[in-house]
Amino acid sequence: MRRTTRSQSRQASNPPPLTTNPITLSTPILIKNTTDAPEISWTLPTSFAPKLTGLSRSSTALLNNKRTKLRTSITRLRRTTETHLQDALDATLVFAQEEAGTAVCISPSGLLLTCSHCVADDEESALNPTAAQWLIFAKGQVVRAVCVAWDGRRDLALLQITHTEPSTSHANPSDLTSPSFPHVSISPLKTLPLTTSLLCIGHPGSEDLESSTPGQATGYDVLHVSKGIYHGMARGQDPQV
């Protein structure tokens, strides 16, 4: 049976259209800090139903299940991660749907970097302003985002958070004029020195695709942290810088 892609298994919700135009990423773009932070709403509730998300019952149940698991596992994950790397863990998000990937927040205003194949199979579908993406921060905070840039060649996409549920660290989020999200900065280095230490934070699928037995479970948590060393690029790969 043919496998569907991650984006084919997604279901888009139907939020009100955005007032800003999406960015078409035909050439590399430079992300710059700006004082004009996007307007983000604290309107998401603390419980989610298909009527709100636009997802199926099973996908909405998966969203709630992932959120619960992340909230119960984040303390252990932080305890097993070096202090100076915990910011990267906190800035990581997982997509709510099945067989989905991860994203990382790269600005306090909620700009998310992810892979284009995690969003859609083509630019037109990705930049549809009514196609919402649902993600969950490592600490279990659910956000709604839309795609503002999509580049299939580099397999990169940018999402912008538009709505968020109250953070567990803010008892009275209505008192805040604009949310601020945990984030990491993009390295200015164009090349990575050999033997650089790597921290890989991933959202493994439920099925072990390297197993000879179909349906073999991975046994991983919603977020899995592993370490490695950079040994260079595979032969023939395009650095795309």
Side-chain angles (χ1 to χ4, degrees), residues 6-7 10-45 48 52-55 63 66-67 87-88 90-97 100-167 170 173 176-187 201 203:
R6 290 170 175 168
S7 55
R10 296 184 181 281
Q11 301 182 46
S13 61
N14 296 298
L18 298 180
T19 56
T20 56
N21 294 324
I23 301 169
T24 300
L25 188 58
S26 56
T27 57
I29 65 172
L30 178 65
I31 305 301
K32 297 181 179 179
N33 293 330
T34 174
T35 56
D36 299 325
E39 183 177 350
I40 302 172
S41 174
W42 287 101
T43 57
L44 294 183
F48 296 87
L52 170 69
T53 64
L55 303 173
L63 181 156
K66 286 184 179 181
R67 181 178 65 162
D87 288 346
D90 292 344
T92 302
L93 305 91
V94 302
F95 283 84
Q97 293 91 329
T102 56
V104 60
C105 187
I106 58 173
S107 77
S109 60
L111 189 65
L112 311 179
L113 177 65
T114 187
C115 294
S116 62
H117 72 262
C118 292
V119 179
D121 295 320
D122 60 85
E123 186 176 43
E124 182 178 0
S125 299
L127 297 178
N128 181 350
T130 65
Q133 305 290 332
W134 292 90
L135 302 96
I136 315 168
F137 272 98
K139 289 185 177 181
Q141 181 182 4
V142 177
V143 298
R144 171 197 175 276
V146 294
C147 184
V148 295
W150 189 91
D151 185 346
R153 185 175 77 85
R154 296 175 179 82
D155 194 19
L156 293 173
L158 291 173
L159 307 177
Q160 175 60 57
I161 294 176
T162 60
H163 295 73
T164 177
E165 69 169 330
S167 168
H170 296 124
L176 301 178
T177 57
S178 179
S180 180
F181 299 98
H183 63 283
V184 293
S185 300
I186 297 178
S187 172
I201 306 175
H203 177 34

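Since this is a predicted model, take the numbers as computed values, not measurements.
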With rounding to the nearest 0.5 Å, note down the distance linking NE2 in H117 to CH2 in W150.
11.0 Å
Got a second to check how far L93's CG is from I136's CD1, nearest 0.5 Å?
9.0 Å
Fit a plane to each ring of F181 and F137, take the angle between them on a 0 to 90° scale, and name the class: parallel (under 30°), tilted (30 to 60°) or perpendicular (over 60°).
parallel
Please determine whether a side-chain nitrogen of the Lys or Arg among R144 and E165 lies less than 4.0 Å from a carboxylate oxygen of the Asp or Glu.
no
Are the side chain of Q133 and the backbone of Q160 linked by a donor-acceptor contact shorter than 3.5 Å?
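The answer is no, because no donor-acceptor pair under 3.5 Å joins these two groups.
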Donor-acceptor contact present, side-chain K139 to main-chain A91, <3.5 Å
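Such a contact is absent between K139 side chain and A91 backbone.
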How close do [X] and [Y] get, heavy atom to heavy atom, and via which atoms?
{"X": "V146", "Y": "A131", "value": "CG1-O, 4.2 Å"}
{"X": "P182", "Y": "C105", "value": "O-CB, 3.3 Å"}
{"X": "T53", "Y": "W134", "value": "O-NE1, 3.2 Å"}

Can you list the residues that meet the side-chain contact (heavy atoms from CB on, under 4.5 Å) rule with S185, with sequence neighbours excluded?
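So S185 forms no side-chain contact (heavy atoms from CB on, under 4.5 Å) with any residue.
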Residue list, side-chain contact (heavy atoms from CB on, under 4.5 Å) with A138, at least two apart or on another chain
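Residues passing side-chain contact (heavy atoms from CB on, under 4.5 Å) with A138: I74, L223.
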Report yes if some heavy atom in the side chain of [X] is under 4.5 Å from a heavy atom in the side chain of [Y]; otherwise report no.
{"X": "T102", "Y": "T114", "value": "no"}
{"X": "F95", "Y": "L63", "value": "no"}
{"X": "H183", "Y": "S107", "value": "no"}
{"X": "T164", "Y": "Q141", "value": "yes"}

Given D122 and S125, is the side chain to side chain donor-acceptor pair (under 3.5 Å) satisfied, shown in steps?
CA-CA 6 Å; D122 60 85; S125 299; 3.0 Å; yes
For S116 and D155, does a side-chain donor sit closer than 3.5 Å to a side-chain acceptor?
yes
Stepwise side chain to side chain contact (heavy atoms under 4.5 Å, CB included) check, L135 with L112
CA-CA 10 Å; L135 302 96; L112 311 179; 4.2 Å; yes
